[in-house]
Peer 1: 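Dropping a structure here in structure tokens format, bear with me for questions.
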Amino acid sequence: MDFGLSQEQQMLRDAVARCLADTCPLEHVRECSERDNPVSDKVLDALQGLGIPGMMIPEEHGGLGMTLLDAALVAEQLAYAVAPVSFLASHVLAPLALSEAGSEDQKVRWLPKIASGEAHISVAISETVEARDGAGVTCRGGKLDGTALFALDFAGADAFLVADTTGRLHLVPANASGLEKIPLMTIDRTRSVGELRFAQVTAEPLADDSGFTAGRLRDAGRILLAADSLGAGQAMIEKAVDYSGQREQFGRLIGSFQAVKHMCAEMAAHHEPCRSLIWYAAYAYEAMPEDVSLAACQAKSHTGDVHRFVARTSTEVHGGMGFTDLVGLHYWFKRIGFDRQVLGGPELVRAEAAVLQGWIKAA
Amino acid sequence: MDLDYGPEYDAFRQEMRLFLKMHGHRAPTGQARAARPSAEAVEWQKLLIEHGYTARTIPRDYGGYGSEPDILKSRIIAEEFSRAGIPGGLANQGISMLVPTLLELGTEEQKRQWVEPTLKGEVVWCQGYSEPGAGSDLASLKTSARIESGEFVINGQKIWTSTAKQADMIFCLVRTEHDAPKHGGISYLIFSMDTPGIEVRPLKTMTGHAEFNETFFSEVRVPVGQIVGERGQGWFVANATLGHERGMLGDPDALENRFQALVRLMKEERIGMGRAIDNSVLRDRLGALQAEVAAMKCNGMRILSNSLKGEPGGMAKLIVKLQSCELAHQISALAIDAMGEMGILYSGSARERMRGTWQWNYMFQLGLIIGGGTAQIQKNIIAERGLDMPREPKLPKISGAAKGTADMLRQKQGSA
């Protein structure tokens, strides 16, 4: 029995943290976030050196064959540095989908290239979480029609993995005829999101997919968004504590005022159990697949609530400076805001959890 | 991460399940676990000690089971009692606070005299720490003891002495060194509640019950040998046990049990046309609490693993008292809301649900948020020890004259 990280996991986490501390200072984040495609080649190259793009790809396809908990630790560090790189969809969800449901040919075609950094697949599964009017992709006679919103890791994608209205997943090359790609501007300029419009686009379904895989991706995506939020929250708490240990008012460090101390203590008290919950959910992804959906809902919804509180409280501890662009606290604030909404906000996810455990029947 | 306990522990768990299956019917019911354990509760306690399901690591010479400490086995024992809904060993203040203190710091004679009868429920203790003027700032306590012909002579008042009415004995902090700095002038005494000069008055709380008392000491004479540790070391002796108390208030199994009771309530309770759980707002709150309970359970497993590896609990441990007490309170709050107008019924009223348990919990748990280190003191601890934030600078003591001047100035400014 060991509820904690292995030595290898601690080393992975520390290596990614060091790599990002060296290559991804806030000034670099600022530069990247002002571009249409925020992805930093410099940071991505550095992560390539650690094998991160292939971390979820089986060894026989050129990757490291790691677990979702490993990926959660990386996501946490990426958010801690507000790193403008593609990761969640391109290097976790797409490899998972191909590994779990792709044909041998699909795996051979894509996985080695993803691992080596030559290819990058964006994932659009938002409609399996939150179907709304005017969105949704249908598949009839091998052709895709309709709209998929919120394709993640959108910019520079070579292909898209898209869920249809039955939850089945399809691979679509970026240059497919009849595919229109519209970038969406979000609050979080460190990650790239877009909309896909399909008009009679030839579909290539994942081979062994009955709609089950989209659910697996939803679980994994929620856990990693929670982990991302955890890293951003950690950074915001540390920044609040640091700032309050330097800033003086009324002849005292503001951190010696209980009003400020209690704000920081409340952030830490809510934040720390999230870490344990996320580790558990990520571990469950491989070790207890029957439990993972509920754990993923809990991690996503609880972290979403806790870190909204952390984001605003840390900003308040910084006083007026927290509100400025100069200090740049808003990069983390917005990252947390993004993580909360994508793949279901807390209320929506809790409603799903209630059905999962039979509290009510599905609507 | 590996949540598997392994074959040795799985076997231990199976053994315990078998024990509970065979003997569970002999366990006392909840109400029998009053301050003074019933004959039934004492018998159950003895049976549990015999099988090592309580007092497990206490040496046999002192009436325990005498096993090596094994955190995982202790955890399994707690989990299995909780899972079966059967009460575990007695967990009164004597057992959870005094016994560990004596084992750590008591003399051989004190251990022999007190540990076994306390474990077996024959001697009931109460705790004399807080005073009307010494709550969060416990070390400023004023109950005094002077030495006179080989005896401590105690005068003063304690408050929040739960079970003082039933207790045979008290472990009590008193000021013995009047010239020493406040933390260094305290001694830890143990004495009989039958000693002349002790008066116990019940302290009725907002729940309508007297779960606590006020205890008054007037020229109470106690032999000088009835001290644990040296004179003036009482603060450090007591801190050994405060740690045990904080651990006691953050049991994730207890949170899980209360949460499950809340789910059952919300499935049974009907408001209007549907069950409480059919109401989407109440259900959302239920889901939010469930995630928090899950987070605290995971946090508990993490602390457990840290201690298995000999690592400090760190932030994960510092936040337990604050978060668990608040969460327990929120669970009761939702239960009351789920009952709608029925939620107000209390005091054995007609139509009352579960003997008013949820209302009592809701009020009593507010007491627990305050007791054992208030939420605000917990936040100071988290900030200063966990986040390394600067301490509040100490203000110079204001003399009476200076205070008068300051008040006058304030009045002038106010009127200007």
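Convention: sequence-line order gives letters A, B, ...; per-chain numbering from 1.
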Peer 1: Surrounding CE of A:Met288 (heavy atoms of other residues, nucleotides or ligands, distance under 6.0 Å), is the total greater than 12?
Peer 2: yes
Peer 1: Kindly give the heavy-atom pair with the smallest separation between B:Ala288 and A:Arg350, and that separation in Å.
Peer 2: N-CD, 3.3 Å
Peer 1: More than 12 heavy atoms of other residues, nucleotides or ligands under 6.0 Å from NZ of B:Lys309: yes or no?
Peer 2: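 More than 12 heavy atoms, drawn from other residues, nucleotides or ligands, come within 6.0 Å of this atom.
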Peer 1: Establish, from distance only, whether the side-chain atoms of B:Gln323 and A:His270 form a donor-acceptor pair under 3.5 Å.
Peer 2: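 There is such a pair (donor and acceptor under 3.5 Å, judged by atom type) between the side chains of B:Gln323 and A:His270.
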Peer 1: Heavy-atom count check: over 12 atoms from other residues, nucleotides or ligands less than 6.0 Å from A:Arg308 CZ?
Peer 2: no
Peer 1: Heavy-atom count check: over 12 atoms from other residues, nucleotides or ligands less than 6.0 Å from A:Arg312 CZ?
Peer 2: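 Open: at most 12 neighbouring heavy atoms sit under 6.0 Å from CZ of A:Arg312.
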Peer 1: Measure distances from A:Ala269 to the heavy atoms of chain B and classify the residue's part below 4.5 Å as side chain, backbone, both or neither.
Peer 2: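 Both backbone and side chain.
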Peer 1: If every non-hydrogen atom of B:Met389 is compared with every non-hydrogen atom of A:Ser244, which pair is closest and at what distance?
Peer 2: CE-OG, 3.3 Å
Peer 1: Give a yes or no on this: more than 12 heavy atoms of other residues, nucleotides or ligands lie within 6.0 Å of atom NZ of B:Lys73.
Peer 2: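 Yes - once you tally the heavy atoms of other residues, nucleotides and ligands closer than 6.0 Å, there are more than 12.
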Peer 1: Do A:Arg252 and B:Glu392 meet the salt-bridge criterion of a basic N to acidic O distance under 4.0 Å?
Peer 2: yes
Peer 1: Near A:Gln7 CD, under 6.0 Å, is it more than 12 heavy atoms from other residues, nucleotides or ligands?
Peer 2: no
Peer 1: Once rounded to the nearest 0.5 Å, what's the spacing between atom CD1 of A:Ile360 and atom NZ of B:Lys267?
Peer 2: 11.5 Å
Peer 1: Within this structure, what is the CZ-CG distance for the pair A:Phe3 and B:Asp2, rounded to the nearest 0.5 Å?
Peer 2: 12.0 Å
Peer 1: With a 3.5 Å cut-off and no angle check, do the side chains of B:Gln290 and A:Gln357 form a donor-acceptor pair?
Peer 2: yes
Peer 1: Tell me, yes or no, whether the heavy-atom count around A:Glu290 atom CD, taken from other residues, nucleotides or ligands under 6.0 Å, exceeds 12.
Peer 2: yes
Peer 1: Is the shortest heavy-atom distance from the side chain of A:Glu238 to the side chain of B:Leu387 under 4.5 Å?
Peer 2: no
Peer 1: Between B:Cys298 and A:Tyr280, which heavy-atom pair has the shortest distance, and what is it?
Peer 2: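 In this case the closest contact between B:Cys298 and A:Tyr280 is SG-CB, 3.5 Å.
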Peer 1: Examine whether an atom of B:Leu304 lies under 4.5 Å from a heavy atom of chain A, and if so say whether it belongs to the side chain, the backbone or both; otherwise answer neither.
Peer 2: side chain
Peer 1: With only heavy atoms counted, which part of B:Lys297 is less than 4.5 Å from chain A, the side chain, the backbone, both or neither?
Peer 2: neither
Peer 1: Rounded to the nearest 0.5 Å, how far does CG of A:Asp2 lie from CE of B:Met1?
Peer 2: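 If we round to the nearest 0.5 Å, B:Met1:CE and A:Asp2:CG are 8.5 Å apart.
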Peer 1: Where on B:Leu3 is there a heavy atom nearer than 4.5 Å to chain A: the side chain, the backbone, both, or neither?
Peer 2: both
Peer 1: Could you pull out the closest heavy-atom pair between B:Ala383 and A:Ala265, with the gap in Å?
Peer 2: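 Answer, listing the atom of B:Ala383 first, then A:Ala265: N-CB, 4.2 Å.
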Peer 1: Is it the side chain or the backbone of A:Met267 that comes within 4.5 Å of chain B heavy atoms, both, or neither?
Peer 2: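 Neither part, no heavy atoms under 4.5 Å.
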Peer 1: I need the A:Cys264 SG to B:Asp388 CG distance, nearest 0.5 Å.
Peer 2: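 So the SG of A:Cys264 and the CG of B:Asp388 are separated by 12.5 Å.
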Peer 1: Given side chains that start at C-beta, do those of B:Met301 and A:Ser276 come closer than 4.5 Å, heavy atoms only?
Peer 2: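 With C-beta onward as the side chain, the pair stays apart.
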Peer 1: Look at B:Met296, B:Met266, B:Gln376 and state which one has the largest set of heavy-atom pairs under 4.5 Å with chain A.
Peer 2: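 The residue among B:Met296, B:Met266, B:Gln376 with the greatest pair count is B:Gln376.
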Peer 1: Can you tell me which of B:Asn380, B:Asp278, B:Ile277 forms the most heavy-atom pairs within a distance under 4.5 Å of chain A?
Peer 2: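 Top option by heavy-atom pairs under 4.5 Å: B:Asn380.
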Peer 1: When you look at A:Met1 and B:Tyr9, which way does the side-chain contact (heavy atoms from CB on, under 4.5 Å) test go after all the steps?
Peer 2: CA-CA 10 Å; A:Met1 147 82 190; B:Tyr9 292 101; over 6 Å; no
Peer 1: Based on non-hydrogen pairs under 4.5 Å, which of A:Gln258, A:Lys261, A:His302 is most in contact with chain B?
Peer 2: A:Lys261
Peer 1: With a 4.5 angstrom heavy-atom cut-off, could you sort out which part of B:Leu72 is near chain A: side chain, backbone, both or neither?
Peer 2: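 The side chain, not the backbone.
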Peer 1: Can the positive tip of B:Arg302 be found less than 6.0 Å from the middle of the six-membered ring of A:Trp279, inside 45° of the ring normal?
Peer 2: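 Yes, B:Arg302 and A:Trp279 form such a contact.
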Peer 1: Determine the option with the most heavy-atom pairs under 4.5 angstrom with chain A, choosing from B:Ala294, B:Ala316, B:Pro393, B:Gly6.
Peer 2: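 If we count pairs closer than 4.5 Å to chain A, B:Pro393 comes out on top.
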Peer 1: Please determine, among A:Gln9, A:Arg275, A:His262, the option with the most heavy-atom pairs under 4.5 Å with chain B.
Peer 2: A:His262
Peer 1: Looking at every heavy atom in both B:Arg391 and A:Ser256, which two are closest together, and how far apart are they?
Peer 2: O-CB, 3.5 Å
Peer 1: Only pairs of heavy atoms separated by less than 4.5 Å count here; which of B:Asp284, B:Ile319, B:Asp4 has the most with chain A?
Peer 2: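 Of the options given, most contacts go to B:Asp284.
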Peer 1: Using every non-hydrogen atom in the two residues, find where A:Ala268 and B:Ile382 come nearest and quote the distance to one decimal.
Peer 2: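 For A:Ala268 and B:Ile382, the tightest heavy-atom pair comes out as CB-CG2, 4.2 Å.
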Peer 1: Could you give the distance from OG (A:Ser301) to CD (B:Glu292), rounded to the nearest 0.5 Å?
Peer 2: 10.0 Å
Peer 1: With a 4.5 angstrom heavy-atom cut-off, could you sort out which part of A:Ile278 is near chain B: side chain, backbone, both or neither?
Peer 2: neither
